[in-house]
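Below, chain A is the first sequence line, B the second, and so on; all start at residue 1.
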2 protein chains.
Amino acid sequence: MTERAEPAPQQDGDQPIVFIVDDDASIRRALTNLFESVGLKVEAFGSALQLLHAKPPEVPSCLVLDIRLPGTSGLDLQSDLAKANIHTPIIFITGHGDIPMTVRAMKSGAIDFLTKPVRDQDILDAVQAAIERDRKRRELNRTVSTVRSRFESLSSRERDVLSLVTSGLMNKQVAAQLGLAEITVKIYRGQIMRKMGAKSLADLVRMSEALGIGANKPDAQT
Amino acid sequence: MTERAEPAPQQDGDQPIVFIVDDDASIRRALTNLFESVGLKVEAFGSALQLLHAKPPEVPSCLVLDIRLPGTSGLDLQSDLAKANIHTPIIFITGHGDIPMTVRAMKSGAIDFLTKPVRDQDILDAVQAAIERDRKRRELNRTVSTVRSRFESLSSRERDVLSLVTSGLMNKQVAAQLGLAEITVKIYRGQIMRKMGAKSLADLVRMSEALGIGANKPDAQT
DNA sequence: GTACGGGACAAACCTAGGTATAGGGCCTCC
DNA sequence: GGAGGCCCTATACCTAGGTTTGTCCCGTAC
């Protein structure tokens, strides 16, 4: 259903995938055809459990869920995924949903909530938006986790210095606060720049912002 | 209905206000009583037009709208307000709403979408959340607009220098890019720090982030 | 026990950042 | 036509930032 006879088993590039979960085989088929007709990769499942057994994707992707599923409902699946820290964007489809369900789904971050019969264009638009959001989320995630792993390579003293330096203190002030000699701070500071891969203080400040460190936000006095 | 006989006409502090728009006077009365019973200020209107004629509030606030209103509907009011750059959080109440309406409202940023009969606790929770969101939004706004107005006090050359400096370049590199002498850059840089009220480069970088300037986000190579 | 890493510091040295003073050119507003 | 703003630069001088080399203490892992 999904095979495309790619000779290179690795080179998916960043070809997005749409995951479909619906217990009605004819709907799965129809949606699969629709998405494949616009060049999207598709994987379809009959239940939430089957989806959860599949490995989380490494490319931009989204979920198209029927609200009413055998076993775990669409909404439950949504919160299970959130708890498992899987934030793939979700599009719901429903035959007989109600407003509270809709509100819950949307509050929990769903991209869209469509009622049957679904217009092809509506769901294609939603899928497009969902994949775009996922692409951005993944990109941000990559950046932040690179920075975080570098931060974790810092020794505890280096972290102390980092937070004071990025909060705008001069070396001698940092030294005073930590009870160190200024030269020691300078040396740590150099090590920090190297370990974090920062080419400038501005860089370092932005990284520490991304990590949420010593975030004394822009002030308003003086 | 709202008067509290404050002798000081100015000193509202940051006492939040709930705006109610509903064409049914008995509902207006009931909601007003409910909100006032928990110590909230309330202003109630019978139509979208009346609300638009009132001045936008300067304290944290939220709107409680019936979807079905005479003249402009609740959803239309929501998009009108967005167009007018008024971002007061909205809670919808509806007797006979449908899913597409709900989706539209939630996508446009509504806090909640409640169906009649509304449980007191539900709407109080929603109002609390809405006001909290508005408070944060206003705070962020104040900070950013202070920074923005300072930025606007910079001369065009100073802005050039600001963007290059906060992107991490050294004075001499900035000078080269702008075809200036290094000393000139230093002088502008000092003027920038003074005009922006930045006590350190770190400060300046954070301000320029808040303004979305030269935002070369944290990198990932080296 | 010794090798290793973290922590801390010093002297020497160099570069980058920043201020003050002074000056020139240009344009605009009153 | 002069005052004031922006733009640009130079000299002189001082402070802050940063590297290198070398030294010492400490704890722990092998």
Side-chain angles (χ1 to χ4, degrees), chain A residues 148-209 211 213-214 216 218-219 222, chain B residues 147-209 211 213-214 216 218-219 221-222:
Chain A
R148 192 180 311 286
S149 79
R150 287 177 186 173
F151 175 74
E152 273 152 14
S153 81
L154 298 182
S155 72
S156 93
R157 240 359 184 183
E158 285 163 354
R159 290 177 201 190
D160 295 343
V161 172
L162 172 60
S163 101
L164 293 176
V165 162
T166 55
S167 82
L169 297 188
M170 288 185 309
N171 287 344
K172 61 173 142 187
Q173 296 174 308
V174 174
Q177 277 214 20
L178 298 177
L180 297 176
E182 190 184 347
I183 182 70
T184 311
V185 172
K186 286 183 178 180
I187 289 168
Y188 287 156
R189 191 166 169 162
Q191 285 166 359
I192 292 166
M193 295 297 281
R194 242 167 288 124
K195 287 192 185 176
M196 296 295 289
K199 294 180 303 306
S200 63
L201 177 59
D203 248 40
L204 198 65
V205 171
R206 270 187 278 268
M207 288 182 188
S208 72
E209 286 290 278
L211 293 172
I213 294 170
N216 307 345
D219 61 332
T222 299
Chain B
V147 172
R148 191 181 311 285
S149 79
R150 288 177 185 172
F151 175 74
E152 273 151 14
S153 81
L154 299 181
S155 73
S156 95
R157 240 0 184 182
E158 285 163 353
R159 290 177 200 190
D160 294 343
V161 172
L162 172 60
S163 101
L164 293 176
V165 162
T166 54
S167 83
L169 297 188
M170 287 184 310
N171 287 344
K172 61 173 142 190
Q173 296 174 308
V174 174
Q177 277 214 20
L178 297 178
L180 298 177
E182 191 184 345
I183 181 69
T184 311
V185 172
K186 287 182 179 181
I187 288 168
Y188 286 156
R189 192 166 168 163
Q191 286 166 0
I192 292 167
M193 296 296 282
R194 242 168 289 124
K195 287 192 184 176
M196 296 296 289
K199 294 179 303 304
S200 64
L201 178 59
D203 249 39
L204 198 66
V205 171
R206 270 186 279 267
M207 288 181 189
S208 72
E209 286 290 279
L211 293 172
I213 293 170
N216 307 344
D219 61 331
Q221 91 300 23
T222 300

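Summary for the helix from dG1(C)-dC30(D) to dC30(C)-dG1(D): the axes at its two ends, each from 5 pairs, differ by 30° when rounded to the nearest 10 degrees.
In plain terms, the two heavy atoms of T166(A) and S163(A) that are nearest each other are OG1-O, 3.3 Å. The two residues S167(B) and A202(A) come nearest to each other via the heavy atoms C-CB, 4.4 Å.
For the atom pair E209(A) CD and L204(A) CG, the distance stands at 11.0 Å (nearest 0.5 Å). K199(B) contributes atom NZ, which lies 10.0 Å from atom CG of L169(A) (distance to the nearest 0.5 angstrom). Put simply, CD1 on I192(B) and CE on M207(B) are 12.0 Å apart, with the number rounded to the nearest 0.5 Å.
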Check: protein-nucleotides 25-30 of chain C nitrogen or oxygen pairs below 3.5 Å:
none

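The side chain to side chain donor-acceptor pair (under 3.5 Å) analysis of residues 179-189 of chain A, with sequence neighbours excluded, yields the pairs N171(A)-R189(A).
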Listed pairs under 3.5 Å, donor-acceptor, residues 153-162 of chain B side chains, sequence neighbours left out:
residue: S153(B); atom: OG; partner: R150(B); partner atom: O; Å: 2.7
residue: S155(B); atom: OG; partner: E158(B); partner atom: N; Å: 3.4
residue: S155(B); atom: OG; partner: E158(B); partner atom: OE1; Å: 3.4
residue: R157(B); atom: NH1; partner: D160(B); partner atom: OD2; Å: 3.1
residue: R157(B); atom: NH2; partner: L178(B); partner atom: O; Å: 3.4
residue: E158(B); atom: OE1; partner: S155(B); partner atom: N; Å: 2.8
residue: E158(B); atom: OE1; partner: K195(B); partner atom: NZ; Å: 2.9
residue: E158(B); atom: OE2; partner: K195(B); partner atom: NZ; Å: 3.4
residue: R159(B); atom: NE; partner: L154(B); partner atom: O; Å: 3.2
residue: R159(B); atom: NH2; partner: E152(B); partner atom: O; Å: 3.0
residue: R159(B); atom: NH2; partner: L154(B); partner atom: O; Å: 3.2

Under a 4.0 Å heavy-atom criterion, the protein footprint on nucleotides 3-21 of chain C, written with B, S and -, is ---SSSBBB----SBBBB-
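The shortest side-chain heavy-atom distance between V165(B) and L201(B) falls under the 4.5 Å cut-off.
With sequence neighbours excluded, no residue satisfies side-chain hydrogen bond (donor to acceptor under 3.5 Å, both in side chains) with K172(B).
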